[in-house]
Amino acid sequence: MSQELLTLTTNGLYCAAGDFYIDPWRSVHKAIITHAHSDHAKAGHGAYLCHHLTKPLLKVRLGDFAYESIEWNQPVTLNGVKVSLHPAGHVIGSSQVRVEYNGEIACVSGDYKTTDDGLSGLFEPVSCHTFITESTFALPVYQWELQEIQYRKVQDWILANQAQGFNSVLFAYSLGKAQRMATAVAPITNNIFLHGSAAAIHEALQKAGVSLPNIKKAGQQTEKGELKNTVIIAPASTMGTHWLKKFEPYRTAVCSGWMQVRGQAKRNPADTGFAISDHADWNGLLAAIKATNAQKVLATHGFTSVLSRYLNEIGIEAEELEYVN
Amino acid sequence: MNAFVTLIIALGKTNSINAKQALLAEYFSSANDQDKLWTIALFTGKKPKRTLPAALLKKWCAAYCQIPEWLFNESYHTVGDLAETIALLLPAKGEEMTASSASLSDIIEQLSDLSSQSDEEKKAFILQQWQQLDRNACFVFNKLITGGFRIGISQSMIYNALAKAIQKSAGEIAYLFSGKWHPTAVSFKELLSKENAVNENSKPYPFYLAYPLENSLIDNDNPDDWIAEWKWDGIRGQCIKRNQQHFIWSRGEELITEQFPELHELLLQLPDGTVVDGEILCANPTSNTIEPLPFALLQKRITRKRLNTQILQEAPAIFVAYDLLEWNQEDIRQKPIIERQRILSELTNTIKSPHFKCSTPILFENWEQLRNIRNQSRENSTEGLMLKRKTSTYQSGRKKGDWWKWKVDPFTIDGVLIYAQKGHGRRSNLYTDYTFAVKDGDKLISFTKAYSGLTDAEFKEVDAFVKKNALEKFGPVRTVKPELVFEIAFEGISESKRHKAGIALRFPRMKRLRKDKSVEDINTLSDLKQLLLQHGKTYPL
Ligand SMILES: [Zn+2]
Ligand SMILES: [Zn+2]
């Protein structure tokens, strides 16, 4: 059965037939990496396999290791197991991992979203027997607005801030959300400052040939007068730190799917929140799962119990895949 | 309703008091009178008539969204608010705001008209609105049904904002809006008219409320400048006699004259143009001292629609006067309390009713002595002491400086966490609602729930513990390994058949996490029974 094709070990998800791991959290000899977010890509593995655009990101984030990269839909064989990557639409370079052995097919989604953000590639449903899906936002209260509307709201907010003499700080993950937000605001300003960590990723991607808007690096040498009418994109960890001081006066916003629920949005100390996510919403998850025609779905990473119970009730066999960190 | 929706959403997005006030003022300057009135009513806790039970809304929403009931409940649990849950579950719509031409008061009226209609008609109306309104409008619409706009706005903010929009001072507005009124019975103009202010005999003054004393505050004060009184645990109220009519108002600004017929005799004896502030208690009127009966009895009386002789005998009421606010038709709130109380004691001598008592000052020489007196609060069935500066005027609302409440320390018991459930509102993603147990022989028995008292960091820590140590799931409830010990503080204890341990606590909360203690060290059921014997109010809750 496919469950033996992939098993959960203390190092992470393991393919015994091919002798490799997918997104392992402890050092292993061979790892396939879905994408460069830190909960999926750890340093110290003996060998890495990932998508072409994930490789430069791993280099920036983890340093030098033995990286090998491939294109989507170009299968390789590892110890007789056929492995291929497929767009996951989550962040640039993010991929689902399809594994085939003895006619048995499993697919590991990694993180994904089903709508096209214009940067990360369009999610591709993979037919498989077993689908291991994320479930970060697997509750029907999470239904995202169209990207076009989301972006317009961000733009309106920035323009209103400018009219009142405020800079706009967008808190966003350095990988994924920061590139999207830069793209979102580019139509209304060319005065975009990126925090160092996001800037490093931005430049690595530009060097790899990804077309992204030009940005300024917010280093120490930035002159005070230069900082009027700017948009600053920075990780949430800079909230309230000295680093942000030079941009005063400013207003702040968090860009995250969690902002969908009022109570959660209120808990965040920023001035406002935009429910913009790189994960699939409830309908996205269900559509993606149904499109795989999988006989068995394993849910990880989020509202696992809700998703698996619901899938079972609508006739799709599902279970929670409990990761023990 | 669009302007009101915009207001609600904008208020929810800012924490600044000034910004909120500016938003309100802007809204008041353009809203029609009836909408202004409803807005004030909603923000001060006056609800429209409830015509739809939550259960029906849940059912219709789940059916419309084609999700099972448990999934609706999971969603509700994460979101923490029924109105918002429904708004988020309904299929997302395009961005075009439906330009609903109906005003806020129109919508409220339509909702109230539903009461005479069949469930099918109600459902048709609600579904039509749900399909029409965008997400924000839907949220506000649902809130109008479920009630309770909690948006961090005080009455004074509303009155200040309204003062900017109409030609009246905030103080005047506060006076005109105090007391009992409802948008269905009075218009905005009527409420604000001068004649109304004069003719409206019944209006109480805004109550002056005290903050808890921070211990160090009075140490440098001269004890001679202060009056100390017992803080009775009843219903704060004002007795009003004007134009030969009498009224009793509760602090919640409800007219409760009819609930206390035994006080009418003393009301009749009050001279015209008198307002007395005090506390309503259940106690034996023939006793010279004040010996309150359990608070639960008073509660029972208040909730009864009809009073029979049995309950009037079982739980007779008395009025303990604290202060005199109006005398000879004159508002005397600006006189020092020492003067007001002097007149009050003269008044007391003229009243011939066993149901009227006057609060007597506690004599003390120094703070140390008063501290010792405070320690007897429980024996005297009081909540502690009130401290009032002798020169203090009677202010409006909760103010610091001149009046303090100095409550007795709470009871505490050590219990172990056994069940956890996710919180509501801003804590909706954390396990913050806990059930605690004490030892009963070698078993554990649950004795109370508690939701508050920890810092955000501590809640996070406990949340992580729950996630790691969950033994079983019952719907949203997690059974956890009995390991974390908490000190639970509470204000009172009484017998209860409804609770497993046979006791009910008043205002339980977590005082601290006792990492130094293990489940071996927690209190026992017999410790609780002992407390019940000593301090319990044996009347069933
Ligand atoms: Zn990710
Ligand atoms: Zn992830």
Side-chain angles (χ1 to χ4, degrees), chain A residues 115 136-153 156-157 160 164 251-254 256-275 281-284 286 302-314 320 322-325, chain B residues 8-16 19 61-62 65-81 83-96 134-136 139 143 150-152 422-430 456 459-460 467-468 470 473 475-476 478:
Chain A
T115 50
T136 311
F137 290 107
L139 261 192
V141 291
Y142 297 107
Q143 297 179 56
W144 312 140
E145 288 179 302
L146 294 175
Q147 172 165 295
E148 183 195 330
I149 300 172
Q150 295 171 341
Y151 284 9
R152 182 125 33 88
K153 285 185 177 170
D156 289 347
W157 177 74
Q164 294 168 23
R251 294 215 175 101
T252 57
V254 170
S256 157
W258 299 110
M259 298 297 110
Q260 179 83 338
V261 172
R262 224 162 273 273
Q264 280 152 356
K266 246 182 218 161
R267 231 162 73 192
N268 111 62
D271 297 320
T272 191
F274 296 105
D281 65 4
W282 172 254
N283 292 323
L286 295 181
F303 286 99
T304 50
S305 66
V306 171
L307 185 60
S308 56
R309 178 169 174 189
Y310 182 76
L311 290 173
N312 281 312
E313 287 185 10
I314 61 169
E320 290 177 66
E322 297 271 9
Y323 277 78
V324 263
N325 272 348
Chain B
I8 294 291
I9 301 304
L11 285 173
K13 279 189 177 156
T14 176
N15 291 319
S16 144
C61 174
C65 301
Q66 297 177 313
I67 56 170
E69 196 190 327
W70 67 265
L71 188 51
F72 184 97
N73 289 335
E74 283 281 352
S75 300
Y76 181 23
H77 216 83
T78 294
V79 175
D81 177 273
E84 187 182 1
T85 306
I86 293 173
L88 289 172
L89 283 174
L90 294 168
K93 298 173 190 86
E95 60 178 323
E96 331 74 60
D134 76 355
R135 202 175 260 165
N136 285 338
F139 166 67
K143 270 281 179 202
R150 252 175 285 144
I151 39 183
K422 281 185 182 167
H424 281 99
R426 73 182 198 98
R427 297 169 177 175
S428 52
N429 211 32
L430 293 177
D456 282 1
F459 271 125
K460 266 204 189 132
K467 283 171 182 157
K468 217 175 283 163
K473 303 175 182 179
R478 301 287 175 270

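Just so we're on the same page: letters track the sequence lines, and every chain starts at 1. Being a predicted model, the structure only gives us computed values, none of them experimental.
- Under the 4.5 Å side-chain criterion, counting only non-hydrogen atoms from C-beta, B:F72 is not in contact with A:P140.
- Of all heavy-atom pairs between B:Q66 and A:Y310, the closest is O-OH, 4.3 Å.
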- Take B:I9 and A:R262 through the side-chain contact (heavy atoms from CB on, under 4.5 Å) test and state the conclusion after the steps. CA-CA 10 Å; B:I9 301 304; A:R262 224 162 273 273; 3.9 Å; yes
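- Between B:L88 and A:V261, the shortest heavy-atom distance links the atoms CD1-CG2, 3.9 Å.
- Closest approach of B:P91 and A:Q143 over heavy atoms only: CA-OE1, 3.6 Å.
- Surrounding CD of A:E313 are more than 12 heavy atoms belonging to other residues, nucleotides or ligands, all under 6.0 Å away.
- What you find for B:W70 and A:V306 is that their closest heavy atoms are CH2-O, 3.5 Å.
- Counted within 6.0 Å of NZ on B:K467, heavy atoms from surrounding residues, nucleotides or ligands total more than 12; the atom is thus considered enclosed.
- Under the 4.5 Å side-chain criterion, counting only non-hydrogen atoms from C-beta, A:F303 is not in contact with B:E74.
- Both the backbone and the side chain of A:Q260 come within less than 4.5 Å of a heavy atom of chain B.
- Considering CH2 of A:W282 and OG of B:S75, their distance stands at 7.5 Å, rounded to 0.5 Å.
- Atoms CG and CD1, on A:L139 and B:I67 in that order, are 9.0 Å from each other to the nearest 0.5 Å.
- Residue B:L90 touches chain A through its backbone alone, counting heavy-atom pairs closer than 4.5 Å.
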